[in-house]
Undergrad: 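So that we are looking at the same thing, I have put the structure below in structure tokens.
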Amino acid sequence: MNAYSPHDALIAPALKSSSPWRLLAGIALFVLVFAVLNVVWYSAVKSQFILPDALGEISRGTTARGMAILLSSFFCLLVALWMTLHLIHGRSMLGLIGPWRMFRTQTLHVFALLLVLYGLLFLVPTPSDLAPEQALLFVKWLSLIPLSFTLLIIQCCAEELLFRGYLQSQLAVRFRSPLLWMVLPSLLFGALHYEPATYGDAAIWLALWSSVFGIVAADLTARSGTLGPAIALHVVNNFMAISVTSMEGYWDGFALYTYPFGPDDTNALMTMLPLEGGILLCGWLTARIALRR
């Protein structure tokens, strides 16, 4: 049996609206609505926080309040995607995730094994010059978990629904080659993570890492027939990178620990990337083992 045969059931709802013009119109509508909603969202935020320091903490996520506002903006993505599906494709949001029972079972199995894996990897010592330092008191960090974890679920679900749910399914019903329906959305996912103003010379490599993450998530989606494993991997990965150990001074408002470098330290980022690549490989293999249970 083809390893990706479960994917057929997941993409079946896209068949009725698979014409190229619908996909192009859907992308155009999504971009327009998302841009408008973002302007409205951040205009509302700026009306409440007029001090430069407050705006800085939001743009860089250096406080819990800043991170909460940043991650809450992914509601805009969900609304834009819902409108696109409803108006252009006549599809529901739930139709993107696959059969509910299978989605729930796969999500829980993969999530549980990934927690064990990432928990063990967290105990592995890092190089002394990159060793993280505690940034929040444990009690305060623990009190933020309900908020941070909920917002991370929203962020990760929004991105997976868009890239692996919507774009991947609409392309897969038109093209049989995984080079198109798997790679194209992943390259777009990586391109949207390209931030040279933030990451400097390391930006292209971080974008490439994001593209590889997209391919891994796409592979898990095709193998499982639901978005569950990809969402589980995304949530655990982002929780570790945002709520457990983050870079100093950038998206660290929820972090228990911070690395002794910021996003502008190219040497440190390039040192960490191979380690992150190895962790991603372990996460992918662990998810595949969970799917066989």
Undergrad: Carefully, step by step, assess Trp100 and Leu94 under the rule side chain to side chain contact (heavy atoms under 4.5 Å, CB included).
TA: CA-CA 8 Å; Trp100 170 250; Leu94 288 177; 5.7 Å; no
Undergrad: Which pair of heavy atoms, one from Tyr259 and one from Leu130, lies closest together, and at what distance?
TA: CD2-O, 3.2 Å
Undergrad: So for atom CZ, which belongs to Phe75, do other residues, nucleotides or ligands contribute more than 12 heavy atoms lying within a distance under 6.0 Å?
TA: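 Counting neighbours around CZ of Phe75, 12 or fewer heavy atoms of other residues, nucleotides or ligands fall under 6.0 Å, so no.
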Undergrad: Are Ile11 and Met93 grouped together when hydrophobic residues (ILVMFWY) are joined by side-chain heavy atoms under 4.5 angstrom apart?
TA: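 No, Ile11 does not connect to Met93 through the hydrophobic network.
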Undergrad: After noting the C-alpha distance and the side-chain angles of Leu167 and Ile27, does the key distance pass the side chain to side chain contact (heavy atoms under 4.5 Å, CB included) rule?
TA: CA-CA 9 Å; Leu167 292 177; Ile27 293 173; 4.2 Å; yes
Undergrad: Pair Trp251, Met67 - check side chain to side chain contact (heavy atoms under 4.5 Å, CB included), show working.
TA: CA-CA 7 Å; Trp251 284 46; Met67 281 300 301; 3.9 Å; yes
Undergrad: Any donor-acceptor pair under 3.5 Å linking the side chain of Gln106 with the backbone of Ser224?
TA: yes
Undergrad: How long is the straight-line distance from OG of Ser19 back to CD1 of Ile88, given to the nearest 0.5 Å?
TA: 10.0 Å
Undergrad: For the residue pair Met182 and Asp219, establish whether any side-chain heavy-atom pair is separated by less than 4.5 Å.
TA: yes
Undergrad: Should the heavy atoms of other residues, nucleotides or ligands under 6.0 Å from CG of Leu120 be counted, would the total exceed 12?
TA: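 Yes, CG of Leu120 has more than 12 neighbouring heavy atoms, counting only those of other groups under 6.0 Å.
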Undergrad: Report yes or no: does Ser169 contribute a side-chain atom to a donor-acceptor pair with the main-chain N or O of Tyr166 at less than 3.5 Å?
TA: yes
Undergrad: Would you say the side-chain atoms of Trp181 pair up with the backbone N or O of Gln170, donor to acceptor, closer than 3.5 Å?
TA: no
Undergrad: Kindly say whether Tyr250 contributes a backbone atom to a donor-acceptor pair with the side chain of Ser246 at under 3.5 angstrom?
TA: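 Checked: pair present.
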Undergrad: Determine whether a donor-acceptor pair (N or O, by modelled atom type, separation under 3.5 Å) exists between the side chain of Arg22 and the backbone of His89.
TA: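 Not confirmed, Arg22 side chain does not pair with His89 backbone.
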Undergrad: Please give me the minimum heavy-atom distance between Leu77 and Ala158, naming the atom from each residue.
TA: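 Heavy-atom minimum between the residues: CD2-O, 3.3 Å.
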Undergrad: Just say parallel, tilted or perpendicular for the rings of Phe239 and Trp141, cut-offs at 30° and 60°.
TA: tilted
Undergrad: Going hydrophobic residue to hydrophobic residue with side-chain gaps under 4.5 angstrom, can you get from Ile289 over to Leu220?
TA: no
Undergrad: Tell me if a side-chain donor or acceptor on Thr258 pairs with a main-chain N or O of Glu248 at a distance below 3.5 Å.
TA: no
Undergrad: Yes or no on side chain to side chain contact (heavy atoms under 4.5 Å, CB included) for Tyr118 and Asn237, after CA distance, side-chain angles and deciding distance?
TA: CA-CA 8 Å; Tyr118 278 73; Asn237 177 80; 4.0 Å; yes
Undergrad: Kindly work out whether a path of hydrophobic side-chain contacts (I/L/V/M/F/W/Y, heavy atoms less than 4.5 Å apart) joins Val40 to Phe74.
TA: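 As far as the 4.5 Å side-chain criterion goes, Phe74 and Val40 are not connected within one cluster.
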Undergrad: Identify the heavy atoms of Leu152 and Ser243 that sit nearest to each other, and give their distance.
TA: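 Here Leu152 and Ser243 meet closest at CD1-OG, 3.7 Å.
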Undergrad: Side-chain heavy atoms nearer than 4.5 Å, only ILVMFWY residues, links allowed to pass through others: does that put Leu15 and Leu171 together?
TA: no
Undergrad: Do the side chains of Leu161 and Leu227 get nearer than 4.5 Å, heavy atoms only?
TA: yes
Undergrad: Just wondering, do Asp8 and Asn2 contact through their side chains at under 4.5 Å, heavy atoms?
TA: no
Undergrad: Is there a donor-acceptor contact under 3.5 Å from the side chain of Asn38 to the main chain of Ala35?
TA: no
Undergrad: Indicate every side-chain donor-acceptor pair of residues 267-276 with a distance under 3.5 Å to a residue at least two apart or in another chain.
TA:
| from | atom 1 | to | atom 2 | distance (Å) |
| --- | --- | --- | --- | --- |
| Thr271 | OG1 | Asn267 | O | 2.9 |

Undergrad: Considering only heavy atoms from C-beta outward, does the side chain of Leu81 approach that of Leu96 to under 4.5 Å?
TA: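 Yes. Closest side-chain heavy atoms under 4.5 Å.
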Undergrad: CG/Leu37 to CG/Leu32 distance, rounded to the nearest 0.5 angstrom?
TA: 9.0 Å
Undergrad: If you measure from CG on Leu192 to CG on Leu162, what distance do you get to the nearest 0.5 Å?
TA: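 Between atom CG of Leu192 and atom CG of Leu162 there are 8.5 Å.
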Undergrad: Does one hydrophobic cluster hold both Leu233 and Leu108, with members joined at side-chain heavy-atom distances below 4.5 Å?
TA: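 Unlinked, Leu233 and Leu108 end up in two clusters.
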Undergrad: Looking at Phe111, Trp284, Phe213, which one forms a ring-ring contact (aromatic ring centres under 6.0 Å, His included) with His234?
TA: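 Single ring-ring contact (aromatic ring centres under 6.0 Å, His included) partner of His234 among Phe111, Trp284, Phe213: Phe213.
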Undergrad: For Leu113 and Ala290, work out which heavy atoms get closest and say how close.
TA: CD1-CB, 3.6 Å
Undergrad: Rounded to the nearest 0.5 Å, how far apart are CH2 of Trp209 and CG of Leu280?
TA: 5.5 Å
Undergrad: In the structure I gave you, are the side-chain heavy atoms of Phe163 and Gln168 within less than 4.5 Å of one another anywhere?
TA: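 Phe163 vs Gln168: side chains apart.
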Undergrad: For residues Ala68 and Phe254, report the shortest heavy-atom separation together with the two atoms involved.
TA: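 The pair with the smallest heavy-atom distance is N-CZ, 3.9 Å.
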Undergrad: Determine whether a donor-acceptor pair (N or O, by modelled atom type, separation under 3.5 Å) exists between the side chain of Arg223 and the backbone of Ala3.
TA: no
Undergrad: Do Thr221 and Thr226 have side chains that approach each other closer than 4.5 Å (heavy atoms only, starting at C-beta)?
TA: no
Undergrad: When rounded to the nearest 0.5 angstrom, what is the spacing between OG in Ser73 and CG in Leu78?
TA: 10.5 Å
Undergrad: Please round to the nearest 0.5 Å and tell me the distance separating atom CD of Gln134 and atom OG1 of Thr245.
TA: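 Rounded to the nearest 0.5 Å, the CD-OG1 separation comes to 10.5 Å.
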Undergrad: Looking at every non-hydrogen atom in both residues, tell me the closest pair between Val173 and Ala14 and how far apart they are.
TA: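 Answer, listing the atom of Val173 first, then Ala14: CG1-CB, 3.9 Å.
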